[in-house]
Amino acid sequence: MLDMKYLRSNFSEVKEKLQYRGEDLSDLDTFGDLDERRRVLIAETEELKAKRNEVSQEISLLKKEKKDADNLILEMRQVGEKIKTIDTELKEVEENLEQLLLSIPNIPHESAPIGESEDDNVEVRQWGNVPTFSFETKAHWDIATGLDVLDFERASKVTGSRFVFYKGLGARLERALMNFMMDLHSDQHGYQEMLPPYMVNRQSMIGTGQLPKFEEDAFKIENWDYFLVPTAEVPVTNYYRDDILKGSELPKKYVAFSASFRSEAGSAGRDTRGLIRQHQFNKVELVQFVKPEDSYQVLEELTGNAEKVLQLLKLPYRVMSMCTGDLGFTAAKKYDIEVWIPSNDTYREISSCSNFESFQARRAGIRFRREEKGKPEFVHTLNGSGLAIGRTVAAILENYQQEDGSVVIPEVLRPYMGAIEVIK
RNA sequence: GGAGGAGUACCCAAGUCUGGCUGAAGGGAUCGGUCUUGAAAACCGACAGGGGCUUCAUCGCCCGCGGGGGUUCGAAUCCCUCCUCCUCCUCCA
């Protein structure tokens, strides 16, 4: 959510920057009228309330002296009616304004490249060498089926498409990655470990920006106003909803494991095979609450923390800076980390690291005080996958595949795999 | 699922039956001071925060006693509704 006062006094500048996102901004122009109307109504109702308060005191005194107050009471009865009328309209105006503000995307940071689509994203750096194979490589679903470590068919029977059973060393590999990532970030990178709820309420989904605009992307629990989390970002960021933190305890850094649930509405037919696009996948998520002046430096740090996972796994990747048209609704700046997937002959997103600045903090009411008695300010929030585990398994299966159909386990994972070196 | 009880400021806690200077008593914690070589104790003082409107900024005003609605000239106090927590029973990993 944008700051109403900022929007009021910098309207055309904000509008210009939002246009780089290429989204429909036709509603934006209703802001001026709503904002103006709101303030007029507030002035009116508050004046009447001040009068009512004053006269009610008088009435109280008159009653105490056993004097007649009927005229004043009659007068105030009318004032009360008027207040009620104005407040009804005010409430409606404020609701419209609120909905408008909740539907406006974040302002892109000046360092985000201007562009329309993913084709305009800018490569920031590359790491590792794309592997060459002396044999014909297989896609991870074929490798996994051959090794009997993933079962898509039975998952379709038991649940439906875009679900999977991990089996045997496949399940072990998933669990090893989870532990490896959690250990790395908590022990080496200074994040506090957290295991969040997998369902959240509507207010939390609004807080991080999934709602009100993208309800069709979420899984909603029937008869409850709860949603399956699309990412641990939602519960972990909302952990401090409506809180005021101490400046001295910032930055707060959390690493959370959770399953993530996505309806994948609008991507029917894409990545229908394999682990790349599932309705449910595991993910280790990094979340930070920081002071505004630190957030861009922290974005680099956090991205680096996620990259470290791939470096230790010796998986080649590149880092892309998302252009203004591909930033998503909430981010001011975003890096995607893309890992090499041989069967796709290209890099695929495995992590997304974003700086939301105060966008989520304002929606969720997450603030901090610099000084003991200081005025509360909004924190900046950031998060990034560290990493999506299913896609990491796909990357390992494919990049570490051998001619005989076996898969070598990356060295750093072996302690987590009971010292097994190869899945065969 | 059944039966009760409770949500008041950083924490504890009065006030709610009997609506009106209650912007809310009293403790504790915290901060400042006196005393002390220093500290503790004691004593003195400060301590509703937050949001909104207005303003160059102040001043001022409005809203805040779990959330939302209602009654009333006036609500922490009365009514409705939702949420959360606690106790007992039941169930259960």
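So that the names make sense, note that chain A is the first sequence line, chain B the second, and so on, each numbered from 1. Because the structure is predicted, anything quoted here is derived from the model rather than measured.
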Watson-Crick or G-U wobble mate for B/C85, both contacts under 3.5 Å | B/G5
Answer yes or no: does a side-chain N or O of A/Arg369 lie under 4.0 Å from OP1 or OP2 of B/G50?
-> yes
What's the NZ-P distance between A/Lys375 and B/A57, to the nearest Å?
-> 14 Å
Let me know which of A/Glu44, A/Glu46, A/Glu75, A/Glu58 forms a salt bridge (Lys or Arg N to Asp or Glu O under 4.0 Å) with A/Lys51.
-> A/Glu75
Look at all strands and tell whether A/Arg8 reaches a base, only sugar-phosphate, or nothing, counting heavy atoms closer than 4.0 Å.
-> sugar-phosphate
Out of B/G51, B/U71, B/C63, minimum distance to the side chain of A/Lys84 belongs to B/U71
Selected nucleotide, minimal atom distance to A/Arg367 side chain, candidates B/G51, B/C61, B/G52 = B/G51
Contacts of type side-chain contact (heavy atoms from CB on, under 4.5 Å), residue A/Ile221, not counting sequence neighbours = A/Met199, A/Trp224, A/Tyr226, A/Leu228
Atom-to-atom span, CG of A/Asp243 to C1' of B/G49 - whole angstrom = 14 Å
Within 6.0 Å of CD in A/Glu47, more than 12 heavy atoms from elsewhere = no
Tabulated below should be each protein N or O lying under 3.5 Å from an N or O of nucleotides 18-22 of chain B; please produce it.
{"residue": "B/G20", "atom": "O2'", "partner": "A/Ser60", "partner atom": "OG", "Å": "2.8"}
{"residue": "B/G20", "atom": "N2", "partner": "A/Ser56", "partner atom": "O", "Å": "3.2"}

Give me the ring orientation class for A/Tyr240 and A/Tyr254: parallel if the planes are under 30° apart, tilted from 30 to 60°, perpendicular past 60°.
-> tilted
Phosphate oxygens OP1/OP2 of B/U72: is one of them under 4.0 Å from a side-chain N or O of A/Arg52?
-> no
Is the distance from OP1 or OP2 of B/C73 to the nearest side-chain N or O of A/Arg77 less than 4.0 Å?
-> yes
With no hydrogens and no angle check, do the side chains of A/Gln360 and A/Thr381 hold a donor and an acceptor under 3.5 Å apart?
-> yes
Return no unless some side-chain N or O of A/Asn53 is found under 4.0 Å from OP1 or OP2 of B/C62.
-> yes
When rounded to whole Å, the CG to C1' distance for the pair A/Asp225 and B/G68 reads 15 Å
Nucleotide paired to B/G32 in any strand shown, Watson-Crick or G-U, under 3.5 Å = B/C44
Regarding the side chain of A/Lys5, the nearest nucleotide among B/G50, B/G52, B/C63 is B/G52
Base paired to B/U55 (Watson-Crick or G-U; both N/O distances under 3.5 angstrom) | none
5' priority, RNA chain B, between A/Ile42 and A/Met76 [closest heavy atom] | A/Ile42
Could you tell me whether A/Glu215 and A/Arg202 make a salt bridge, using a distance below 4.0 angstrom between a side-chain N and a carboxylate O?
-> yes
Would you mind checking if A/Glu264 and A/Arg270 are paired as a salt bridge, meaning a charged N to carboxylate O distance below 4.0 Å?
-> no
Report the residue (A/Lys91 or A/Gly80) whose heavy-atom-nearest nucleotide on RNA chain B is the more 5′ of the two.
-> A/Lys91
Any salt bridge between A/Lys220 and A/Asp225, counting N to O under 4.0 Å?
-> yes
Atom CD of A/Glu94 and atom C1' of B/C63: how far apart are they, to the nearest Å?
-> 11 Å
Please write out the pairs of protein N or O atoms and N or O atoms of nucleotides 7-9 of chain B separated by less than 3.5 Å, giving the distance to one decimal.
none

Can you list the steps and then say if A/Ser352 with A/Asp336 is a side-chain hydrogen bond (donor to acceptor under 3.5 Å, both in side chains)?
-> CA-CA 4 Å; A/Ser352 194; A/Asp336 273 7; 2.8 Å; yes
Which of parallel (below 30°), tilted (30 to 60°) and perpendicular (above 60°) describes A/Phe31 and A/Phe11?
-> parallel
